[in-house]
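Worksheet for the structure shown next.
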Amino acid sequence: MPELAQVVVDVPTMQTNQPYTYQIPPTLEKQIQVGVRVIVPFGNGRRTVQGFVVGIDQETKYEGKLKPIQAIMDLQPVISSELMELSKWLADSTYSFWISCLYTMLPSLLKAKTARIIRIIDEVDEHVAFDIFHGKDELEMTDVQDNPKILSELLKLQKAGKIAIEYQVEDRAHAKTVTGIRPRLNFEQLEDERISLHSNAHAQNRLISYLQSLNGQTVKFKEAQRITGLKPATFNQGQKKGWLEKVPIEVYRQPLDMQGTPDDQHLAAPLTLNADQEAAVNKINHAIDDHASQVFLLQGVTGSGKTEVYLQSIANALKQGKTALMLVPEISLTPQIVNRVRRRFGSKVAVLHSSLSNGERYDEWRRIERGEAQVVVGARSAIFAPLKNIGLIVLDEEHESSYKQDESPRYHAREVAKWRGKYNHAPVVLGSATPSLESRARAVKNVYHLLRLPHRVNQQILPPINIVDMRDEVKKHGESNFSQTLLGELADRLQKGEQSILMLNRRGFSSFMMCRDCGAVLKCPNCDISLTLHMDTRTMKCHYCGHEEPIPHECPNCHSRQIRYYGTGTEKVEQELHQLLPGARIIRMDVDTTRRKGMHAKLLRQFGHHQADILLGTQMIAKGLDFPNVTLVGVLNADTGLGLPDFRASERTFDLLSQVSGRAGRANKQGKVIIQTYNPDHYAIQDAKEHNYEKFFKQEMMLRRQAGYPPYYYTVRLMASHPEEAKAAGAMAKIYEQLKNGLSSSTIILGPTPRAIARMKRRYYYQIVIKYKKDPHLHQLLFDILQNTQSRGFKDVQVSIDPDPQYFM
DNA sequence: AGCACGCCGACT
DNA sequence: GTCGGCGTGCTC
């Protein structure tokens with residue numbers, strides 16, 4: 001009985017979101033397994049696509065003629081049975097394509113690039129040969145794709161049989177290799193060769209001795225040259241004479257920050273735990289030992305030693321012969337934290353950063369997949385690390401919204417962590433100083449087990465927080481980003497040789513150009529949003545689509561020269577600071593200064609070595625940094641996030657202020673925090689000032705209950721977009737009708753409304769938010785709606801569904 | 001996604 | 001009369 005393969009193909013559409021059945025050719029019979037990538041013919045013509053084998057069956061319901069699998073890409077499955085199960089659940093729970101979920105779990109290099117090549121197969125006239133093919137006999141489709149004139153010409157030639165379109169699927173994943181050499185002759189044979197040498201061929205003589213000493217082993221070419229001191233030419237001679245052969249040796253790429261990893265003989269010892277930490281570690285370790293997929297919420301104030309709890313629990317998992325996964329938000333995945341884990345677990349650690357090159361990321365992935373690394377530290381997508389036999393999963397800063405991916409598949413790493421915890425019978429530890437309301441509410445209901453670390457490790461008190469009312473300040477001293485209080489404290493630190501951190505809350509805020517005469521604001525031609533000034537490139541940029549244009553000298557609307565920029569960017573603050581404190585050395589950290597690879601780490605290192613007095617930055621400096629000499633933290637504008645139409649605005653503000661406050665006075669020096677705000681009485685700011693999470697939690701829960709927001713309600717957001725506003729609105733109206741008819745009466749439908757940024761990338765967006773407590777038909781209904789939008793009446797409409805959205809805007 | 005098939009308007 | 005526009009449907 002020949003076996004058949006079920007293949008999910010790389011065609012991400014609703015209609016093709018299912019396995020297709022293929023014959024397994026006899027030559028591949030042994031190699032085809034669930035989880036390998038294959039190349040299959042799909043559709044008419046010679047088109048081939050990559051796909052994943054998701055099942056192997058004896059029979060199929062499909063009546064038509066089956067095609068055979070064309071090629072296999074992997075010797076071993078790249079998707080384990082666990083990840084295969086996970087991919088199905090992920091596709092279902094996030095309303096995504098199965099194929100997208102499979103690719104999301106793998107390093108991007110394993111996504112094959114399909115190229116369409118146009119090849120001349122018969123005589124063509126000169127015009128075609130030179131103007132289109134430039135004298136060559138083949139052409140990449142991507143080069144001519146958006147030239148309709150050439151395209152139609154090529155189509156004619158194809159019909160005439162003069163050219164053919166070929167499909168090429170190329171695997172971009174290549175293991176890095178270095179050249180190695182290996183003797184081809186044994187000791188005696190080499191000895192015979194020696195006899196036939198000229199007596200003055202000293203180099204070759206030495207080469208023979210060296211080859212004999214290798215005993216048939218392979219060594220790196222570079223290494224052999226270093227040891228023998230012989231020239232490459234000598235080895236090449238030897239190769240010619242058949243004494244040795246060159247072979248590729250597979251090596252792992254070494255990420256820059258990996259250098260300096262201690263060898264496994266000199267690892268750092270665990271720190272001594274205080275009573276709270278020890279209690280937490282014991283509970284977690286019991287769960288690990290009992291194979292209990294319990295979820296813990298580890299709530300500890302900043303500086304309470306959460307990381308040490310993670311590390312010692314991970315150590316226990318390793319001791320049990322299991323593996324461990326530790327997730328950290330991208331923004332706090334600093335060299336500081338990575339090195340701390342490496343010092344503890346050495347070469348067992350693999351790190352998955354966003355700043356790794358694709359090749360480095362692939363290599364780290366392979367190390368994990370082969371079981372060479374048992375501890376994985378990484379950001380969101382590392383939750384799909386191919387670890388086997390997981391004993392513990394840690395999510396640090398579990399409240400961070402960056403754990404939710406904001407494109408399809410819109411998964412939340414916390415939910416995936418819980419799924420994998422359950423599958424592996426392993427506990428999940430969610431850690432935070434300011435847990436998300438959802439998680440804390442679950443702890444209250446005993447769905448999660450709450451573990452507390454209420455004390456800082458050195459019994460330090462939390463730094464006092466001063467709130468400066470900027471309304472008074474502006475009245476007394478005029479417009480400035482700096483209050484007198486903050487300036488005074490900064491000057492004081494400068495004089496004492498201590499350092500300061502200044503944070504500019506950029507959310508919902510940027511520098512834009514406005515005409516003082518007519519009030520026109522410079523906007524993006526593609527998106528409904530103002531352009532942001534970037535002094536480093538001297539351009540105006542759109543943060544949504546990347547559009548870029550030169551800084552105008554006059555108003556595009558009324559041609560007035562009175563055009564100025566408004567708002568507060570880090571650059572503008574830096575300039576102001578230079579004027580106010582001329583002697584201060586400032587490091588500015590924002591997306592612009594950290595774009596280049598390694599800059600983030602470099603700037604932090606400079607600040608750590610006290611090569612600057614003030615670190616000025618956006619949210620990216622709020623998390624995880626630990627500089628003993630920092631005794632002052634200033635927040636320039638605490639409340640810019642509060643005015644946003646977002647039900648999590650208060651929670652985010654509270655988190656941000658709590659986190660940034662923790663940056664002050666972490667060593668033996670007392671720290672101080674100054675928060676400038678126009679809303680000094682807002683509860684989020686007042687509760688942060690008092691370091692009072694409990695009070696904030698109660699207040700916020702009350703408001704969420706009143707307004708019907710999470711965690712009292714579940715939410716789903718549906719979005720539809722179209723280049724024409726009326727079409728987007730129309731599509732959403734139809735969807736609204738379907739929802740209204742299909743949902744239970746207790747479910748609340750908000751909208752349809754235009755999104756806060758109604759136009760993005762030349763498309764108009766409309767949305768609906770659904771709030772529900774229990775609605776058994778919702779899930780299926782949403783799938784039906786997605787299916788419906790593939791049909792007439794929804795032409796060119798893109799519909800997406802965001803379960804449990806992080807923002808409503 | 002990519003391609004073929006099929007049905008209507010403006011041209012060699 | 002045909003060429004080619006795009007709306008519709010299918011891909012194991």
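Labels below follow one simple rule: chain letters A, B, ... track the order of the sequence lines, proteins then strands, and each chain is numbered from 1.
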Regarding the side chain of A:Q15, the nearest nucleotide among C:dC12, C:dC10, C:dG7 is C:dC10
side-chain N/O A:K795 vs C:dG7 OP1/OP2, d < 4.0 Å = yes
Rounded to whole Å, CZ of A:R46 lies from P of B:dC3 at a distance of 10 Å
- Message: I'd like to know if the side chain of A:N424 pairs up with that of A:E82 as donor and acceptor (distance under 3.5 Å, no hydrogens or angles considered).
- Response: yes
Do A:L327 and A:I393 touch side chain to side chain, with heavy atoms closer than 4.5 Å? no
Side-chain atoms of A:R116 come closest, of C:dT11, B:dA1, B:dC3, to B:dC3
Is a donor from one side chain sitting under 3.5 angstrom from an acceptor on the other, for A:E364 and A:Y252?
no
| Which is true for A:Y22 with a 4.0 Å heavy-atom rule: it touches a base, it touches only sugar-phosphate, or it touches nothing? | sugar-phosphate
Rounded to whole Å, the CD-P distance (A:E59 to C:dC12) equals 20 Å
Rounded to whole Å, CZ of A:F42 lies from C1' of B:dC3 at a distance of 11 Å
Picking from C:dC12, B:dA4, B:dA1, the nucleotide nearest the side-chain atoms of A:N44 would be B:dA4
So, do A:I99 and A:V9 sit near enough that their side-chain heavy atoms are less than 4.5 Å apart? no
When we call it a touch if two heavy atoms are under 4.0 Å apart, what does A:P19 touch: a base, just sugar-phosphate, or nothing? nothing
note: A:K113, atom NZ; B:dA1, atom P; distance rounded to Å ~ 19 Å
Between CD of A:Q790 and P of C:dG7 the distance, given in whole Å, is 16 Å
*Compare all side-chain heavy atoms of A:R420 with those of A:L83 and state whether any distance is below 4.5 angstrom.*
yes
Indicate whether OP1 or OP2 belonging to C:dC10 is found under 4.0 Å from a side-chain N or O atom of A:R47. no
A:D10 CG to C:dC12 C1', in whole Å, measures 16 Å
From OH of A:Y20 across to C1' of B:dA1 the rounded distance in Å is 12 Å
Separation of C:dC10 atom P from A:K67 atom NZ, nearest Å, is 15 Å
